[in-house]
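These notes are about the structure you will find just below.
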There are 2 protein chains.
Amino acid sequence: MEKGGKLFHPGLSLDCVIFGFHDNQLKVLLLKMEHTDHWALPGGFVYKDETLEAAATRVLQERTGINDIFLQQFHVFGDPARSDRKYHSNRLKKLGIEAEKDHWLLNRFITVGFYALVEFSHVTPTPDNTSVACEWQHLHNIGNLFMDHRQILDKALETLRQQLNYQPIGYKLLPDKFTMPELQTLYETILGKKLDRRNFQRRMNSYGILRRLKETRKGGAHKAPYLYSFNLRKYQQALLEGLQGGW
Amino acid sequence: MEKGGKLFHPGLSLDCVIFGFHDNQLKVLLLKMEHTDHWALPGGFVYKDETLEAAATRVLQERTGINDIFLQQFHVFGDPARSDRKYHSNRLKKLGIEAEKDHWLLNRFITVGFYALVEFSHVTPTPDNTSVACEWQHLHNIGNLFMDHRQILDKALETLRQQLNYQPIGYKLLPDKFTMPELQTLYETILGKKLDRRNFQRRMNSYGILRRLKETRKGGAHKAPYLYSFNLRKYQQALLEGLQGGW
DNA sequence: GCAAAAGTGTTAAGGCTACACCCATGC
DNA sequence: GCATGGGTGTAGCCTTAACACTTTTGC
């Protein structure tokens with residue numbers, strides 16, 4: 001906290017919007033802040049000799065325990081008014097640190113937004129030292145967010161929608177084996193609209209990126225759906241061109 | 001140059017890829033650097049109390065004389081190895097400035113890439129104080145670029161392609177009145193491939209965003225093509241949904 | 001046996017591609 | 001008059017969207 005000024009690239013931070021999919025719901029990993037009812041995106045600073053991507057990977061590893069993460073920068077947020085100097089000033093006081101006027105944390109920060117796609121079950125949510133909890137929240141039921149984090153989240157979602165046909169979104173968010181209705185719900189959640197079941201299946205099958213397994217998902221209350229897995233090689237190939245058609 | 005450390009946000013720059021269209025060619029505005037055969041993208045720094053967008057607008061205003069500019073950030077380039085400390089160190093020496101080791105210019109810089117679309121005929125190319133010339137260069141015939149500027153340019157072009165159906169690209173790059181073949185050439189240049197003349201016309205007309213004027217472009221060596229102008233209101237509206245179909 | 005979810009096929013409409021002919025102009 | 005580019009229409013194919021019935025399962 002005191003040495004940050006020497007260790008980190010000045011005036012620069014990054015924030016990560018980490019998406020996961022569970023219970024047929026799209027979720028975002030958030031940190032509960034101390035002494036307020038605000039939540040924050042996991043974020044961090046960039047070491048002086050570190051690439052942005054490495055810094056984001058590091059942050060994600062610390063919050064989720066996952067190493068192999070799909071990460072993508074999507075926007076820089078640089079409004080001079082976005083920095084909350086008061087928050088950091090209070091926080092430093094509480095930590096008993098002499099908050100000089102030019103303390104590195106009290107300057108303006110420009111933040112690079114990254115979004116990440118992770119497999120829900122692989123994640124071990126871990127708070128950082130500025131927060132009291134680290135939890136998944138339903139995308140459509142998110143509480144008060146810190147500073148401009150709401151705006152960052154919205155922009156991430158917008159980007160995710162646009163890139164749905166060009167990024168391995170299903171592959172990164174779903175477990176190895178999944179059912180067609182699960183895949184469809186994922187698409188519906190991201191796009192925010194209902195899709196036709198039959199047309200969805202046909203389209204997905206036509207891409208040739210799925211392998212239907214012989215197993216079915218038992219235990220549900222109804223007809224057992226087939227399990228599928230991705231044919232990764234064909235998926236990657238298909239993404240280069242973009243999956244045909246829009247939703 | 002000496003006060004920069006106090007005026008600017010530290011370790012942060014921006015670079016602009018300025019696209020124009022002339023002679024049925026897509027062009028990029030570049031700066032010729034002193035004492036080398038390298039060219040650079042117009043760039044600059046961000047004042048401590050300035051938004052990124054305002055800084056980019058300022059840079060563009062200075063290089064082109066244009067105020068109302070279409071600008072979009074597209075990527076952050078943050079590789080620690082991208083900064084060319086040697087270049088700045090030499091330059092400072094030549095300027096007779098004592099280049100202390102911690103001079104603000106000699107630190108690592110992270111740069112935000114913006115692309116701009118401008119109407120060629122409105123631009124008055126103006127070099128900055130680090131360059132000896134400011135000129136348009138054909139997109140497909142660009143010389144040696146400084147540092148990672150080639151990479152920045154390529155990424156800008158990639159983004160432009162992806163956003164072709166979602167941004168007012170024709171409107172910003174073409175003069176008020178233009179012909180259908182000109183519009184088509186613009187699309188072909190950006191996409192890097194030939195399109196069918198008849199299908200292109202039909203598609204463009206079907207969007208309902210063009211108004212065919214009664215005039216034709218005379219003076220060409222052949223049949224005089226009609227002039228068109230954009231129906232701006234409908235264009236804006238159509239872009240919200242994205243122009244249908246891909247190329 | 002009933003409610004709820006999953007699997008599947010057909011049809012009609014619209015969009016896309018490919019293609020050929022006529023017209024205007026400058027030389 | 002000829003070479004060159006501009007304007008236009010059509011037919012076949014493919015994709016998409018809309019839609020209903022049957023099957024399986026747990027209760």
Side-chain angles (χ1 to χ4, degrees), chain A residues 21 23-25 164-166 170 174-175 177-189 191-229 238 241-247, chain B residues 21 23-25 164-166 170 174-175 177-189 191-229 238 241-247:
Chain A
F21 193 66
D23 271 346
N24 270 345
Q25 292 262 1
L164 190 55
N165 291 327
Y166 299 90
L174 291 170
K177 299 176 182 180
F178 53 90
T179 67
M180 194 62 85
E182 282 162 3
L183 182 60
Q184 182 174 343
T185 307
L186 173 57
Y187 271 69
E188 289 178 338
T189 312
L191 295 170
K193 66 180 179 191
K194 288 277 166 205
L195 302 172
D196 183 279
R197 214 156 40 91
R198 292 154 285 198
N199 294 335
F200 183 82
Q201 293 228 17
R202 189 185 5 254
R203 174 104 66 115
M204 279 297 154
N205 284 326
S206 76
Y207 294 148
I209 61 178
L210 295 179
R211 216 192 335 256
R212 181 158 105 177
L213 309 177
K214 294 201 173 139
E215 317 162 59
T216 53
R217 162 103 67 222
K218 313 236 163 151
H222 306 290
K223 179 167 179 176
Y226 285 102
L227 288 170
Y228 289 80
S229 66
E241 310 259 307
L243 303 176
Q244 293 313 319
W247 299 98
Chain B
F21 192 65
D23 272 347
N24 270 344
Q25 292 263 1
L164 190 57
N165 291 327
Y166 299 91
L174 290 170
K177 300 174 181 180
F178 54 89
T179 68
M180 194 63 85
E182 283 162 3
L183 182 60
Q184 182 176 344
T185 308
L186 173 58
Y187 271 68
E188 288 179 339
T189 313
L191 295 169
K193 65 181 177 190
K194 287 280 169 204
L195 303 172
D196 183 278
R197 212 155 42 89
R198 293 153 286 199
N199 295 334
F200 183 82
Q201 293 228 16
R202 191 188 2 259
R203 172 104 67 116
M204 280 297 153
N205 285 326
S206 76
Y207 294 148
I209 61 179
L210 296 179
R211 215 193 336 260
R212 182 158 102 178
L213 309 177
K214 295 201 172 136
E215 317 161 60
T216 53
R217 163 101 69 222
K218 314 235 161 149
H222 306 290
K223 178 168 179 177
Y226 287 102
L227 288 169
Y228 289 81
S229 67
E241 309 261 306
L243 303 177
Q244 294 311 319
W247 297 99

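Predicted, not measured: the structure shown is a model, and the values here were computed from it. To find a chain, count down the sequence lines: A is the first, B the second, and so on, and within it residues start at 1.
Judged as a side-chain hydrogen bond (donor to acceptor under 3.5 Å, both in side chains), and not counting sequence neighbours, A:N24 has no contacts. In this view, A:R212 satisfies the side-chain hydrogen bond (donor to acceptor under 3.5 Å, both in side chains) rule with no residue, not counting sequence neighbours. The side-chain hydrogen bond (donor to acceptor under 3.5 Å, both in side chains) test applied to B:K223 returns no partner, not counting sequence neighbours. Contacts of A:R202 classified as salt bridge (Lys or Arg N to Asp or Glu O under 4.0 Å), with partners at least two apart in sequence or in another chain: none.
B:R203 has its CZ atom 17 Å from the P atom of C:dG14, to the nearest Å. For the pair A:F200 CZ and C:dA6 P, the interatomic distance rounds to 12 Å; values are reported in whole Å. Rounded to an integer number of Å, the gap from CD of B:Q184 to P of D:dG6 is 9 Å. Spacing between atom CG of B:N165 and atom P of C:dG15 amounts to 15 Å, rounded to whole angstrom units. Remark: P of C:dC19 and CG of B:L195 are 16 Å apart, rounded to the nearest angstrom. One can place CG of B:N24 at 18 Å from P of D:dT4, the figure rounded to the nearest angstrom. Between the NZ atom of A:K194 and the P atom of D:dA18 there is a distance of 16 Å, rounded to whole Å. Whole-Å rounding puts the B:M204 CE to D:dG7 P distance at 14 Å.
Sorted by first and then second residue, the salt bridge (charged side-chain N to carboxylate O under 4.0 Å, His left out) pairs involving residues 191-200 of chain A (not counting sequence neighbours) are A:E188-A:K194, A:D196-A:R198.
Annotation: the span from B:F178 atom CZ to B:L186 atom CG amounts to 9.5 Å, rounded to 0.5 Å.
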* Sugar-phosphate or base contact per nucleotide [nucleotides 19-27 of chain D; S, B, -; heavy atom under 4.0 Å] -> BB--BBBS-
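Listed pair B:Q201 / D:dG7 meets the phosphate criterion, a side-chain N or O lying under 4.0 Å from OP1 or OP2.
Of all nucleotides listed (C:dA6, C:dT8, D:dG7), C:dT8 comes nearest to the side chain of A:R212.
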